[in-house]
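Worth knowing before you read on, the calculation uses all heavy atoms, side chains too, and leaves out hydrogens, waters and symmetry mates. Ligands are counted one by one from 1 in listed order, and the atoms in each one are counted from 1 as well.
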Amino acid sequence: MAESVVLPVIDLSSSDRISTANSIRQACMEYGFFYLVNHGVEEEVLENVFDESRKFFSLPLEEKMKLGRKDDVGFAPIYAENLDSSTTSKGDLKETFHIGPLEGEESHLNLWPSKEILPSWRFLMEKYYKKVLSTGERLSTLIALALNLEDDFFKKIGALDKPYGFLRLLHYPGLNAAAGEIEEEEVVYGASAHSDYGMITLLATDGVPGLQVCKEKHKQPRTWENVSHVKGAFIVNLGDMMERWTNCLFRSTLHRVMPTGKERYSMAFFLDPNPDCMVECLKSCCSESSPPRFPPIRSGDYLRDRITAAYSYS
Ligand SMILES: O=C(O)CCC(=O)C(=O)O
Ligand SMILES: [Fe+2]
């Protein structure tokens, strides 16, 4: 049985920004994960969005496939993605729906269920998207302070000047839904082991367990710890581009979702750097004795490679 990890709690509403930034620095160095409370997204909004998400995933598969994944947005059925492309598993036991940027040239790519079927869906998703984006932007200023940078650093370097976020609704159907399809000795993951690709992820969960973290990703065998749900809190984790910026000072922690047999819903918001932003080691995070561990990359190219790998494993 996996133990539970006790993650730090960060209060986004605290007026003491320096002390909050210090707590974030500690959390990002030690865990790469923390709970975010008083984040400005009302519980009622979260509940409504979970309700709408449930409604969408309970539509017949043919209906959902009308909005099948294209240009990184829309619906992907179970087994479409394998987050751990090093495994030979037939894919993750989850279905997802992605909503991309609401503004700018990519906004028209978004796919929406018809108003006749789900009348409030688009309105509520857009409302939630805007709120969680604003929370992520506020958090990014504290993360900059936590790195001893000016609070608008990520805006200034072109990472967050034009918001580039993806809202991903997730549904883990529960084992019964897939019973009969799964061979007896097959290992099935809800979401197989991975680290996120971007900058910051803000995750809302529904209280059904399953999420686990592995703090030492380079150590074998891997030790997994359960992450508990905290009502009303976001679970925040850092992605690989943050790890690259900070030369591994801040962790992009490996995580996965194990099936418990129970149906589970979650919503991840990935705040990524703008595609044209070059992600390279921050000056304060390298020295002669600690040179950059990663070459500079263009955010859009890096994201493209990672997404392609996760959807083309089979
Ligand atoms: O559903 C969860 O709790 C985690 C999902 C996740 O890690 C992801 O979508 O990247
Ligand atoms: Fe993830």
Taking heavy atoms and a distance under 4.0 Å, where does [X] meet ligand 1: side chain, backbone, both or neither?
X	answer
S266	side chain
D196	side chain
T201	neither

Ligand-residue contact atoms, ligand 1 with [X], heavy atoms, under 4.0 Å:
X	value
V257	1 (O), 2 (C), 3 (O), 4 (C)
H255	7 (O)
R168	8 (C), 9 (O), 10 (O)

Candidates F75, Y265, W121 - the one meeting ring-ring contact (aromatic ring centres under 6.0 Å, His included) with F97: W121
Test item: Y128 and M267 side chains (from C-beta on) under 4.5 Å apart, heavy atoms: yes
Any L83 side-chain heavy atom under 4.5 Å of K94 side chain: yes
Shortest-distance N, O or S atom of H255 relative to the Fe ion (ligand 2): NE2
Atom nearest to the Fe ion (ligand 2) - D196, N, O or S atoms considered: OD1
Carboxylate-amine/guanidinium contact R25 E30, below 4.0 Å: no
Distance flag, aromatic centroids of F33 and Y35, threshold under 6.0 Å: no
Any R264 heavy atom less than 4.0 Å to ligand 1: yes
Nearest-contact summary for atom 5 (C) of ligand 1 - protein heavy atom, Å: Y172 OH, 3.5 Å
Flag if over 12 foreign heavy atoms under 6.0 Å of CD, E42: yes
K217 atom NZ: more than 12 heavy-atom contacts under 6.0 Å: yes
Nitrogen or oxygen of H194 less than 3.5 angstrom from that of ligand 1: yes
Interatomic distance, D276 atom CG to M278 atom CE [nearest 0.5 angstrom]: 10.0 Å
